[in-house]
Amino acid sequence: MNGIPFLSLITFLPVLGMIIILALPSSKVKEIKYTTLLITGIQLILSVFLLANFNFTSTGIFEQSTFQFVEKFRWIEITGLSWLGTVKVDYFMGVDGLSMPMIILTALISFIATLSSWNINKSIKGYFALFLLLDTGMMGTFVALDFFLFYVFWEIMLLPMYFLIGIWGGPRKEYAAIKFFIYTLFGSVFMLLVMIGLYFSAQEVLSDGSKVFTFNLLALMDQANYTADGILSPFNPNNLRMVAYIALFVGFAIKIPMFPFHTWLPDAHVEAPTPISVILAGVLLKLGTYGILRISFPIFPEITTQLAWYIGLFGMINIIYGALVALAQKDFKKLIAYSSISHMGYVMLGMASLSTVGINGAIFQMFNHGTITAMLFLIVGVIYDRAHTRGINDFGGLASQMPVYTGFVTVAFFAAIGLPGMSGFISEALVFVGAFGVDTTRILAMISTLGILLGAAYMLWTLQRIFFGKLNEKWSSLTDLDGREYLMLIPLAVIVIFLGIYPSAMLDVMNSSVNELVRFVSNGFQNISIGGL
Amino acid sequence: MIEVGLNHYLAVSSILFALGIYGVITRKNAVMVLMGVELILNAANINFVAFSRYSNFGINGQVYALFVIILAAAEAAIALAIVLNIYKTYANVNVDEINKLKE
Amino acid sequence: MSEQLLINISLIVLLLPLFSFFITVVFGKRFPKLYLFETGIISLAFLLSLVIGFFKLTTYVDSKLAFDFTWFDFGVVPVIGEFKVELGVMIDNITVIMLFVVNLISMLVHYFSIEYMHGDKRYTRYFAYLGLFTFSMLGIVLSNNLLGIYIFWELVGLSSYLLIGFWFEKNSASDAGKKAFLTNRVGDIGMFLGILILFTTYGTFNFDKIFSGIASGVMPFESTAWLTAAGILVFLGAVGKSAQFPLHVWLPDAMEGPTPVSALIHAATMVAAGVYLVVRIFALLTADAMLVIAVIGAFTSLLAATIALTQNDIKKVLAYSTVSQLGYMVMALGVGAYAFAFFHLVTHAFFKACLFLGSGSVIHAMHHEQDIREMGGLKKKMPITYATFLISTLAISGIPLTSGFLSKDGLLAGTLAFGELTGHWLIPIIGFTVAFMTAFYMFRLVILTFHGSPRNQHKFDHAHESPKLMAVPLIILSALSIFIWYTPNPIAPDAGWFLGKWIETPSTVVPEAASFDFMINEDPAADVIHSEKYEHAMHTVHYPAMGLSIGLAGMAILLAFSMYQWKKINPDKIAESVKPLYNFSLNKWYIDELYHASFISGTLMLGKILFWFDANIVDGIVNGSAWFTRVMAKISGWFDTFVVDGLVNFTAFMSGFIGLTFKRIQTGKVQTYLVFVLFSIVLLLIVFRPF
């Protein structure tokens, strides 16, 4: 068991696949597709294997010894720089309860998105090569425990995503791709600044007793490692930790996407091809909230407690604003995009509660949103492939033409509405229980419950406009789902229902880590000066 | 009777020099220009010899004059060869029209 | 039979319909005959519930069987400590009675539907949905905690949505389904918040644990006002599900669903779930909460009754009468008449299911004609339907010897006692007014449908008595509307086993200061409902209430006969003379229009405005900053080209310029150069004057 670098394997397997694909002649379409499927399939199996060998009681978050499947060795070492001292960057990966659900989600969504990519017919070789690179970026971000490595993976994702939208997208693909790219890069710049600021504020003690500046996330969480005068050191009376926190938060918030940084999302979704929308909604959005939980919360615990209410406030705005705007949409895909914004608001609300229940709910909601929204985008893709339109009002009465499809749509829609028995209910309920149970976010939680109603309103209205009523004769030739589409939708539907009935399967994975995180954040850093703006 | 002194020599050489310059500048024919150059050189020679005679340089002036004569001979030989070549190329030796240096 | 075995059987009863739902929904297309399997499963569930009922009501009549399991466990949590979420089932007498009611009516509706729905293109799917509904409803009944109830609460909402919109080709049907779901959601949000308040305070969803928490003096956020709020918020769930004002609007529309569904879901069981919920949380209701509940119930019953007076659709009349009766039950709970409220729930379930199935029988016979103005005289064609319908109508009108008389009479007595004890006399006044109206509009319905001469001869000629499979459920249900099943004495409801032995009113756990006086038992040893005071008040008003309600019902029936049967009074003339009132009633108080103009349009408008805001302001800022960046780029590009690069080019240009200028001097003529040399020397000589 030990000694096999599982995390590197699961992360860089897609790169291997990419190399294979690049070596294949572009005429070998079938081979390229099956290579991708095989690679993502192996990745999925590996992720399940990791879960099977995952120790549920090990907490993670803070102590390296409590992380699992840890890989750590020196990656970059430059000595003898006069004023910088020694630059040392570790290749440091590990898994805890925070990242485990995300790893499974990434592997699962990648596999399903591969299936959904089957009818891509424009420069297939390039598409799948970029797709696999994207996969590596996502997986790497979730397993990295070194800020530098995290940042590298974070940026790696950007490039393939840009091309995947910009080349294989819809009519306004260039606009959407550039908007996505610049927006995300804008956020990354903040992250980079904070990363460098942190680097010069904390020193890690090496085994030989010497001290070096560090990017190690776990070292950055330890108050003792900070220098007395670092710009982001809690001991420095004039520190800029508040500013840094907000900057870092903006960097992550763009990815969530949080109001008012959300407008790239509808454009990107509408223009992106179906599998890319699936990846975008299914995995990429989670990186924002994951980053906040993994980096912002434990590195800046004292500011997190101070600003929790604002996070919750923006969560609430996301929930209600996203739902109301979704209500006004006429494009099916754009509607789902706005519903994503609404649903990610629950994640923020849950996090803001800083309670075990709320954060468990938030992470669970991240996972559930991943599966449910992936399903919704696949559903949009199915109908778009057939009808070449996404206008909600163009349809009507499809339920009698495509009954099985309608069945899956109903499952997905009701899961999105948060119907008990489906996973979305558990996570939303936990978010509310968590947020309501804490004084800071109680009012926010109460107002946010409106989102439940609005969510049901736009979903059911859409269901009615597309599927109910008299069948429009124009669509009487549409066919029901084919085998490949079953293969994409059934696993997701099964997961959604399974987790709705037996949520412990996922909650147990994350619970001890979340408990540790809450304990860590609420203990905070002691005897420090809180830097004002 | 006025005694012939240094100033007289210098006056002659000045006149010669001026004539030489005039020849060099005004003549169109390359041969005439060369002759002007000879005049200038000889004006210089007169100066050398005159200064040598009326000062205590010994015979240095005379020696330089000899060198100049030799040089003038060599110069005349080379210059005439050039003029000949120019004539061969352009079929005239009018310096006004030979302005290749401009380019 | 051991307790554990009973609980296991109850779990089997719960899961059987779910199992059959899955089987039917997945394989229904390939095996259309699966509807028989589904019906069989429900019948089995009914038999098992009979078994449970028998043993519970004999062996364990005074005990409560409960079983909890941990759904998910967070372990030791910072700040809170041990934290886990439990679900569980509980079997008490109310549960077994509800199990019996739900399973019986569900089974009868299945039988009825086999004929009624025959030939529908989604026949099997229909039965699958019925299975899903039965499962969810049983879940509500069996849950011993608020979370479980909430879960199944939403699931019944789903099955109701699916069944109302079953004929989704009709826009009105899918509209009604959507409306039902969303209106219920409004109530559910309140219920959810109420649950959150209770859970945050007591750390559990379990009823008994919450009650003991309250009894120990712990108040939500240290205030009884929050306890009142929690009670009212949870009650909001009931307002939605039991179609109480202001969320009653969905139920009449829900009649777009198939009629047996209306009987099962929108008359007998699901809508009663709201009342059931209030029954469950009864012990934690404060005086204020109870008053709110009573007022809402009373107002709803009045509102619905006034609307029912003028409706012409057979199902709409029944729908409003359902709303009205549900208002009755809610009102009864509000005034503390707990046992009678539940009793009325049960009796109403049977006679209303019978009425709906009867109307289904009529509609079936009339080829989907629902307008009572097109009917008449069906008595001769459909004797069984008529007889059962009539018995149920007598029951709902509160005529002696029926079950409805027993429950309604007790309930009205409760309101009178409440008026006497607290001075809120308006509530009993409304109660009796509604009793009068109920008898009137129900007999109007019976007379217009079955009596007189047919008004549409063509449809009448094709009408026929329904087949046995439809008639038997009617007979069974109407039989259950007779007093004998509940008590041997037709005028003393509490003399029998139902109220006397099975239903025990829980004592309140609310602190005395926040509770009605009459709810507090001065002498805990005394075997009384609430208190001696309350017992006494109930006792004194019992017979007056009975007399009054019989009198009012009789007058109403007489009035109905004289207007519609004997035509002594012309109803049209009355309608004409109070035209505004008539239209007000006919148009359902314009509440739908009001909601549409305010909430619905408002929300949609807000959505549109925000979308505009999103696309133009938020995105405008984004695009604006992109535009700004581009302009800046252009400016700096211009600067680069013309200023920075300009300097570079200027240097080059100047060099070139100077070169060109001096080029002129360079004639290529040696002589010219020489002149320059000479000139320069002379110039230098003049300037420096070496002499």
Side-chain angles (χ1 to χ4, degrees), chain A residues 179 182-183 259-260 262-264 266-267 321 324-329 355-357 360 397 399-400 403 407 410 414 418-421 425-426 429 432-433 436-437 442 445-446 449-450 452-454 456-458 460-461 463-464 467-471 503-504 507-508 511-512 514-515 518-519 522, chain C residues 25 29 70-80 83 85 121-122 125 147 150-155 157-158 161-162 165 168-171 173-175 177-178 181-182 185-186 188-190 192-193 196-197 199-200 603-604 606-615 618-619 621-623 626:
Chain A
K179 198 170 181 180
I182 292 182
Y183 232 133
F259 177 87
H262 65 280
T263 54
W264 64 267
D267 283 317
Y321 183 87
L324 277 171
V325 178
L327 209 49
Q329 298 307 314
S355 67
T356 302
V357 186
N360 264 314
S400 39
T410 312
F414 276 94
L419 188 84
F425 167 73
I426 311 286
F432 281 120
V433 170
F436 192 87
R442 182 164 300 136
M446 288 168 85
T449 49
L450 270 180
I452 307 180
L453 175 65
L454 293 170
Y458 64 74
L460 293 187
W461 195 26
L463 195 64
Q464 182 188 23
F467 296 97
F468 299 157
K470 284 249 181 312
L471 180 67
S504 295
L507 289 173
D508 286 351
N511 184 45
S512 37
V514 171
N515 265 333
V518 170
R519 198 171 296 127
S522 56
Chain C
V25 91
K29 208 153 201 188
T70 305
W71 195 20
F72 39 91
D73 190 348
F74 292 114
V76 181
V77 165
V79 188
I80 305 169
F83 188 93
V85 172
K121 62 177 167 181
R122 287 184 293 274
R125 178 62 60 90
L147 181 66
Y150 185 78
I151 288 171
F152 292 110
W153 196 261
E154 293 288 312
L155 288 178
L158 169 70
Y161 171 80
L162 293 172
F168 56 75
E169 286 90 348
K170 275 197 297 181
N171 273 329
S174 61
D175 271 338
K178 184 180 65 180
F181 197 89
L182 293 181
R185 269 265 154 140
V186 177
D188 294 351
I189 286 179
F192 188 61
L193 284 173
L196 283 181
I197 293 174
F199 182 76
T200 304
T603 311
L604 289 179
L606 188 60
K608 285 213 176 86
I609 291 170
L610 284 182
F611 181 44
W612 178 88
F613 174 78
D614 202 65
V618 181
D619 216 20
I621 291 170
V622 174
N623 287 336

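Quick note: numbers below take in every heavy atom, side chains included, and nothing from hydrogens, waters or symmetry partners. Just so we're on the same page: letters track the sequence lines, and every chain starts at 1.
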*Asks:* Minimum heavy-atom separation for A:N511 to C:F74, with atom names?
*Replies:* ND2-O, 2.7 Å
*Asks:* What I'd like to find out is whether the side chain of C:Y150 reaches to under 4.5 Å of the side chain of A:F425, using heavy atoms alone.
*Replies:* yes
*Asks:* Is it the backbone or the side chain of C:N623 that comes under 4.5 Å from a heavy atom of chain A, or both, or neither?
*Replies:* side chain
*Asks:* Can you give me the closest heavy-atom contact between C:D619 and A:T263, atom names plus distance?
*Replies:* OD1-OG1, 2.9 Å
*Asks:* To the nearest 0.5 Å, how far apart are CZ in A:F414 and CZ in C:F181?
*Replies:* 4.5 Å
*Asks:* Check whether any side-chain heavy atom of C:K29 lies under 4.5 Å from a side-chain heavy atom of A:P403, and answer yes or no.
*Replies:* yes
*Asks:* Select one option (side chain, backbone, both, neither) describing which atoms of C:F83 are under 4.5 Å from chain A's heavy atoms.
*Replies:* side chain
*Asks:* Can you tell if the side chain of A:N360 reaches within under 4.5 Å of the side chain of C:F72, non-hydrogen atoms only?
*Replies:* no
*Asks:* If you count heavy-atom pairs under 4.5 Å with chain C, which of A:S400, A:A326, A:G397, A:G421 comes out on top?
*Replies:* A:S400
*Asks:* For A:L507, which atoms come within 4.5 Å of any heavy atom of chain C: side chain, backbone, both, or neither?
*Replies:* side chain
*Asks:* Going by heavy atoms in the side chains, are C:V76 and A:N515 under 4.5 Å from each other?
*Replies:* no
*Asks:* Tell me, for C:F192 versus chain A, whether the close heavy atoms (under 4.5 Å) come from the side chain, the backbone, both or neither.
*Replies:* side chain
*Asks:* Given heavy-atom pairs under 4.5 angstrom as the criterion, report whether the side chain, backbone, both or neither of C:V85 touches chain A.
*Replies:* neither
*Asks:* With a 4.5 Å cut-off on side-chain heavy atoms, are C:R185 and A:L460 touching?
*Replies:* no
*Asks:* For chain A, find which of C:F168, C:W153, C:Y161 contributes the most heavy-atom pairs closer than 4.5 angstrom.
*Replies:* C:F168
*Asks:* Counting only heavy atoms closer than 4.5 Å, note whether A:F467 contacts chain C via side chain, backbone, both or neither.
*Replies:* backbone
*Asks:* Which bit of A:I426 is near chain C, if near means a heavy-atom gap under 4.5 Å: side chain, backbone, both or neither?
*Replies:* side chain
*Asks:* Does any backbone or side-chain atom of C:L182 lie under 4.5 Å from a heavy atom of chain A? Answer side chain, backbone, both or neither.
*Replies:* both
*Asks:* Which heavy atom in A:L450 sits nearest to a heavy atom in C:I189, and how many Å separate them?
*Replies:* CA-CD1, 4.1 Å
*Asks:* Only pairs of heavy atoms separated by less than 4.5 Å count here; which of C:I621, C:L147, C:V25, C:I197 has the most with chain A?
*Replies:* C:I197
*Asks:* Indicate the atoms forming the closest heavy-atom contact of A:K179 with C:V622, along with that distance.
*Replies:* CE-CG1, 3.9 Å
*Asks:* Nearest heavy-atom pair of A:F436 and C:T200: which atoms, and what distance?
*Replies:* CD2-OG1, 3.2 Å
*Asks:* Would you indicate whether the side-chain heavy atoms of C:F611 and A:L327 approach each other to under 4.5 Å?
*Replies:* no
*Asks:* Only pairs of heavy atoms separated by less than 4.5 Å count here; which of C:L162, C:I609, C:L606, C:T70 has the most with chain A?
*Replies:* C:L606
*Asks:* Where on A:I182 is there a heavy atom nearer than 4.5 Å to chain C: the side chain, the backbone, both, or neither?
*Replies:* neither
*Asks:* Quick check: closest heavy atoms across A:G469 and C:N171, and the distance to 0.1 Å?
*Replies:* CA-OD1, 3.6 Å
*Asks:* Is the shortest heavy-atom distance from the side chain of C:L604 to the side chain of A:W461 under 4.5 Å?
*Replies:* yes
*Asks:* Is it the backbone or the side chain of C:W71 that comes under 4.5 Å from a heavy atom of chain A, or both, or neither?
*Replies:* both
*Asks:* To the nearest 0.5 Å, tell me how far A:F259 CZ sits from C:D614 CG.
*Replies:* 7.5 Å
*Asks:* Taking side chain as C-beta onward, heavy atoms only, is C:V618 less than 4.5 Å from A:H262?
*Replies:* yes
